[in-house]
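Following: one structure in structure tokens, then a few remarks.
Every number for a ligand or one of its atoms is a count from 1 in the order of the listing. Quantities reported herein were computed from a predicted structural model and do not represent experimental measurements.
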Amino acid sequence: MRRRSVLTLGAVGAVAAAVRPSDALASAALPFPPGFGWGAATSAYQLEGAAKEDGRGPSVWDVFSHQPGRIRNGDTGDVAADHYHRYTEDLDIMRDLGLTSYRFSISWSRVLPTGRGTVNPRGVDFYHRLIDGLLSRGIAPVVTLFHWDTPQALQELGGWENRDCASWFADYAHTMFSAFGDTVPTWLTINEPKTVVDVGYTAGTHAPGKQDRRLANVVGHHLLLGHGLAVQALRATGGRSRIGAALSLSPTYPAADSDGARRQAVAADAEENRRWLDPLLLGRYPEDWLATQAADAPVRAAIKDGDLAIIGSRNDLLGVNYYGPTHVTATGSRVMRHPTSQATWQEIYPDGLFDLLTRVKRDYGDIPVSITENGMPTQNPLHDQDRVTFLRDHLTAAHRAIQAGVPLESYHLWSLMDNFEWAEGYTQRWGIIHVDFATQRRTLKASAEWYKTVIANNGL
Ligand code: FCB
């Protein structure tokens, strides 16, 4: 699946699929395990706004979004969904939906305005209030430390291109572990390193907007190193919280019944999945992937003695972001085999989620899995039956994976509410809550009502 590198081009292809009204009323024919985590996900820059308030420092996304021509319609995350000011209302909405889990990210430059050194107590206080608000409503916080918003002050020192960034990240992580301790049961270190590498450093259509495959692979390694150091920092606190990473994974398939296509699918799997899963969960890079990188992207030079032992530090869980599959031809081209959404990089294939989850279990063992993102954008403002169909079909696939023995513990749809969708600005609405960005009014969409019923029934 080639994320956002193609995003500004293709035509809009909304998926129209009707849902019978009775679906929303169905009782749980597909029950989920007791205690299954029903969640939604967001990230700081996409939701919070308050970009210059209470001592927050700029991140690469503040700088990037203000550069002319980078974001559709010149949108920025300056205000976004104004969650920084409206978090209490948003917490109440979460409670009314019945959520039992909420995944959000901390803005690194809100708590450490220059990325390291002096802590900004007002920034830390915001997350204390948010976490306490979740806990008092019976919602478990799942907190991401890095959802792409590198502090600009660190970017000026090379950001993730600089090996030191892994240590700066671990120091920041340690500061957060000390501040929040066991009030956060689950930490996620990095979100989708693949997207940072492919879109931020190869296509250049995300911050920091570079197009340099050499840098990209180095950045990828440093992100993994930062993850490993943060895992070790958490262990050093002796606390009880769990930790893992959130990876964007995509099951890969040959697009034709030929040996050539099958070989290319293996190579695509290395690029999409194994290059991240193997270091994290097995403590090594896949040899076939390393071999194909050598010529134009010198990742080997970035790998120092001992790095893989750090990167492979034991994880407590794996976060899986699933948006769609990858199909490859015998010549290595990526082709679409299923309907797309308004996000033209997205191919809608719910069975791919089953294939992906069962594959993780087969190849990496019984590590607990959380679906940390899954969703689609739609242009239907409130009557988003296409999203209901999408969610129902993906949850059905997730249920099947649980039946097949996958230790899947929770599901977070992307997203709780409409927000700043990176280079697409506010043109793509991924939320189950509609946000009127002129008034900041929140309204439940049909998908929110549907999800509420699913949660109440603990199943479909
Ligand atoms: C994922 C990102 C998330 C959001 C969704 C649509 O790649 O992690 O922030 O943009 O895509």
At a 4.0 Å threshold, what atoms of ligand 1 neighbour a non-hydrogen atom of [X]?
{"X": "W430", "answer": "6 (C)"}
{"X": "N191", "answer": "8 (O)"}
{"X": "E192", "answer": "1 (C), 7 (O), 8 (O)"}
{"X": "Q46", "answer": "3 (C), 4 (C), 9 (O), 10 (O)"}

Would you say ligand 1 has an N or O under 3.5 Å from any N or O of [X]?
{"X": "E421", "value": "yes"}
{"X": "W345", "value": "no"}
{"X": "T195", "value": "no"}
{"X": "H147", "value": "yes"}
{"X": "W422", "value": "yes"}
{"X": "S43", "value": "no"}

Q.
Is there a salt bridge (charged side-chain N to carboxylate O under 4.0 Å, His left out) between R110 and E48? Walk through the geometry before answering.
A. CA-CA 11 Å; R110 193 182 290 289; E48 286 178 2; 2.9 Å; yes
(Q) Can you tell me if H383 has over 12 outside heavy atoms packed within less than 6.0 Å of its NE2? (A) no
(Q) Would you say NE2 of H174 has more than 12 non-hydrogen atoms from neighbouring residues, nucleotides or ligands within 6.0 angstrom? (A) no
Q. Salt bridge or not for D198 and R213, using N-O below 4.0 Å?
A. no
(Q) Test salt bridge (charged side-chain N to carboxylate O under 4.0 Å, His left out) on K210 and E161; report intermediate values, then the result. (A) CA-CA 11 Å; K210 305 212 175 176; E161 299 149 45; 3.1 Å; yes
**Q.** Atom pair CG (N419) and NE2 (H83), whose distance is rounded to the nearest 0.5 Å
**A.** 11.0 Å
Q: Report the C-alpha distance between M176 and I106 in whole Å, list the side-chain angles of each, state the deciding distance to 0.1 Å, and finish with yes or no for side chain to side chain contact (heavy atoms under 4.5 Å, CB included).
A: CA-CA 9 Å; M176 297 299 96; I106 292 177; 3.8 Å; yes
